[in-house]
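In this text, all values refer to a predicted model and were calculated from it rather than measured experimentally. Note: hydrogens, waters and symmetry copies are ignored here, and every other heavy atom, side chains too, is used.
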Amino acid sequence: MQNFVITVARGFGSGGRQIAAKLADELHIHSYDNRILKLAAQYSGYDEHYFREADENLHGSLITKQLLELPKMFHTKGQLSKFVSDDRLFEFQKKIIEKLAESESCIIVGKCADYILKDYDNVFSVYVEAPRAYCLQRVMDRMYDITLEEADELITKTDKYRADYYKYYTHGNYWTNPVNYDITLNNSRFGDEKSVQMIIQCMRVKFGDEWYNEYMKGLSANG
């Protein structure tokens, strides 16, 4: 296995995005989230005349370069609006995710990546959730000017948006279904740091000691 991909789905406020960022630092790989959506939007904005040309340009090294040139969002703001489908945008997003999985080791947050890559042998999928009280506290700690009631509404609407998004693009599957993922984590039980280590150890179980030892050897060699 030359490269691997970790997909991370998460409830809003559970800490899934922060876990993905810490995991990327630990493994010395890139973590992609809303930058994929932004790049897909750029491609899907082409006129129909340029659609084929844009499609042909989607190869791994170019995608990585373009993604890294986009600003990284460190904290998601959530979703208060209702989900509205955009099949053309999703198709480009799907192509970007597939090309990434074929070309580099990375982490992909959200975007139905676990479903898109479900038949790939080099993928490890994670779902992160936590009790409402834990999520509320994390949201309020991060968004200082938000009230408890506003945080509660933001979690409810964001999770509804993500559930509707997932259901639509997976043709009826549901986002929190544990069989979609290799592991599910209750982050309130472990916290970000221990969750990162649990993911790495579970990857070792799935991909084998040989993968783990070779990858860790590579990390040591690169400092």
Side-chain angles (χ1 to χ4, degrees), residues 1 4-34 36 73-79 97 100-101 105-118 120-143 151-152 154-167 170 173-209 211-212 215-216 219:
M1 184 174 64
F4 60 88
V5 177
I6 304 167
T7 71
V8 178
R10 73 282 182 228
F12 189 68
S14 67
R17 179 185 291 266
Q18 289 73 29
I19 288 172
K22 292 177 185 294
L23 190 58
D25 289 341
E26 184 83 9
L27 297 175
H28 295 188
I29 58 179
H30 296 301
S31 178
Y32 301 114
D33 39 63
N34 283 338
I36 290 176
M73 183 183 293
F74 291 97
H75 298 295
T76 182
K77 296 179 180 179
Q79 276 286 353
I97 289 170
L100 285 171
S105 295
C106 63
I107 298 171
I108 301 175
V109 180
K111 311 294 178 291
C112 295
D114 63 281
Y115 179 81
I116 292 169
L117 302 177
K118 64 183 184 301
Y120 284 62
D121 294 333
N122 65 331
V123 173
F124 188 83
S125 57
V126 181
Y127 179 72
V128 182
E129 194 51 277
R132 177 57 67 99
Y134 179 89
C135 295
L136 282 168
Q137 190 60 57
R138 285 192 74 132
V139 170
M140 294 179 71
D141 288 345
R142 191 174 72 235
M143 305 171 72
D152 188 65
L154 187 58
I155 292 172
T156 298
K157 290 188 174 180
T158 301
D159 283 352
K160 177 68 164 56
Y161 182 97
R162 291 175 179 175
D164 291 346
Y165 180 101
Y166 195 94
K167 183 177 181 180
T170 63
N173 203 336
Y174 62 98
W175 167 54
T176 58
N177 185 352
V179 301
N180 295 340
Y181 309 100
D182 291 302
I183 62 168
T184 61
L185 291 172
N186 177 350
N187 198 33
S188 71
R189 299 282 181 90
F190 306 105
D192 297 359
E193 298 294 343
K194 288 184 179 179
S195 290
V196 166
Q197 295 307 316
M198 287 180 65
I199 291 169
I200 293 173
Q201 291 304 316
C202 288
M203 290 175 66
R204 182 178 186 174
V205 172
K206 180 173 182 177
F207 296 141
D209 286 341
W211 166 83
Y212 178 83
Y215 193 76
M216 291 301 146
L219 288 184

Asker: M143 vs L154, test: side chain to side chain contact (heavy atoms under 4.5 Å, CB included). Steps then yes/no.
Answerer: CA-CA 11 Å; M143 305 171 72; L154 187 58; 3.9 Å; yes
Asker: Mind checking what makes side-chain contact (heavy atoms from CB on, under 4.5 Å) contact with S105, not counting sequence neighbours?
Answerer: N3, F4, I29
Asker: Partners of Y127 by ring pair (Phe, Tyr, Trp, His ring centres under 6.0 Å), sequence neighbours excluded?
Answerer: W175, Y181
Asker: If the condition is side-chain hydrogen bond (donor to acceptor under 3.5 Å, both in side chains), which residues does T156 pass it with, not counting sequence neighbours?
Answerer: R132
Asker: Please list, one pair per line, the donor and acceptor atoms closer than 3.5 Å that link side chains of residues 192-199 to other protein atoms, with sequence neighbours excluded.
Answerer:
| residue | atom | partner | partner atom | Å |
| --- | --- | --- | --- | --- |
| D192 | OD1 | R138 | NH1 | 2.9 |
| D192 | OD1 | N187 | ND2 | 2.9 |
| D192 | OD2 | R138 | NH2 | 3.2 |
| E193 | OE2 | K22 | NZ | 3.4 |
| S195 | OG | N187 | OD1 | 2.9 |
| S195 | OG | G191 | O | 3.0 |
| Q197 | NE2 | E26 | OE2 | 3.4 |

Asker: Could you tell me which residues satisfy ring pair (Phe, Tyr, Trp, His ring centres under 6.0 Å) with Y134, sequence neighbours excluded, listed by chain and number?
Answerer: none
Asker: Does any N or O in the side chain of R10 come within less than 3.5 Å of the main-chain N or O of I19, such that one atom is a donor and the other an acceptor?
Answerer: no
Asker: Return the minimal non-hydrogen interatomic distance between F12 and R142, and the atom names on each side.
Answerer: CZ-NH2, 3.5 Å
Asker: Does D164 have any side-chain contact (heavy atoms from CB on, under 4.5 Å) partners at least two apart in sequence or in another chain, and if so, which?
Answerer: F83, K160
Asker: Does the side chain to side chain contact (heavy atoms under 4.5 Å, CB included) test come out yes or no for I6 and V123, once each step is laid out?
Answerer: CA-CA 6 Å; I6 304 167; V123 173; over 6 Å; no
Asker: Between T7 and K111, is any pair of side-chain heavy atoms under 4.5 Å apart?
Answerer: no
Asker: Quick check: closest heavy atoms across A24 and I107, and the distance to 0.1 Å?
Answerer: N-CD1, 3.4 Å
Asker: Checking R17 against V8 for the side chain to side chain contact (heavy atoms under 4.5 Å, CB included) test, could you report, in this order, the C-alpha distance in whole Å, the side-chain angles of both residues, the deciding distance, and whether it holds?
Answerer: CA-CA 8 Å; R17 179 185 291 266; V8 178; over 6 Å; no
Asker: For the residue pair T170 and C112, what are the closest heavy atoms and their distance?
Answerer: CG2-SG, 4.3 Å
Asker: Could you pull out all residues at least two apart from R204 that satisfy salt bridge (charged side-chain N to carboxylate O under 4.0 Å, His left out)?
Answerer: D209
Asker: Hey, what do you get for CG (L136) to CG (D152), rounding to the nearest 0.5 Å?
Answerer: 5.5 Å
Asker: Quick one: sort the Y32 and H30 rings into parallel, tilted or perpendicular, breaks at 30° and 60°.
Answerer: tilted
Asker: Taking all atoms of both residues into account, what is the closest heavy-atom pair of S125 and D114, and its distance?
Answerer: CB-CB, 4.0 Å
Asker: What is the distance from atom CE of M203 to atom NZ of K206, rounded to the nearest 0.5 Å?
Answerer: 9.0 Å
Asker: Using 0.5 Å steps for rounding, measure from the CG atom of D159 to the CD atom of E129.
Answerer: 6.0 Å
Asker: Under 3.5 Å, is there a donor-acceptor pair between the N180 and K118 side chains?
Answerer: no
Asker: Is there a side-chain contact between F207 and Y212, using heavy atoms and a 4.5 Å cut-off?
Answerer: no
Asker: Starting at CG of N177, measure out to OH of Y115 and round the result to the nearest 0.5 Å.
Answerer: 12.5 Å
Asker: Report the distance from atom CD1 of I200 to atom CG of L23, rounding to the nearest 0.5 Å.
Answerer: 5.5 Å
Asker: Let me confirm one number: the CG-CD1 distance from L117 to I97, rounded to the nearest 0.5 Å.
Answerer: 6.5 Å
Asker: Apply side-chain hydrogen bond (donor to acceptor under 3.5 Å, both in side chains) to S188 and list each qualifying residue two or more places apart in sequence or on a separate chain.
Answerer: N186
Asker: Name all residues meeting the side-chain hydrogen bond (donor to acceptor under 3.5 Å, both in side chains) criterion together with S31; count only those two or more places apart in sequence or in a different chain, and write none if there are none.
Answerer: none
Asker: Once side-chain contact (heavy atoms from CB on, under 4.5 Å) is applied, do any residues pair with D25, and if so which ones, sequence neighbours excluded?
Answerer: none
Asker: Using every non-hydrogen atom in the two residues, find where N122 and A101 come nearest and quote the distance to one decimal.
Answerer: ND2-O, 3.1 Å
Asker: Output all residues satisfying side-chain contact (heavy atoms from CB on, under 4.5 Å) with K157, sequence neighbours left out; order by chain, then residue number.
Answerer: L80, E153
Asker: State which residues pass side-chain hydrogen bond (donor to acceptor under 3.5 Å, both in side chains) with K167; sequence neighbours excluded, sorted by chain then number.
Answerer: none
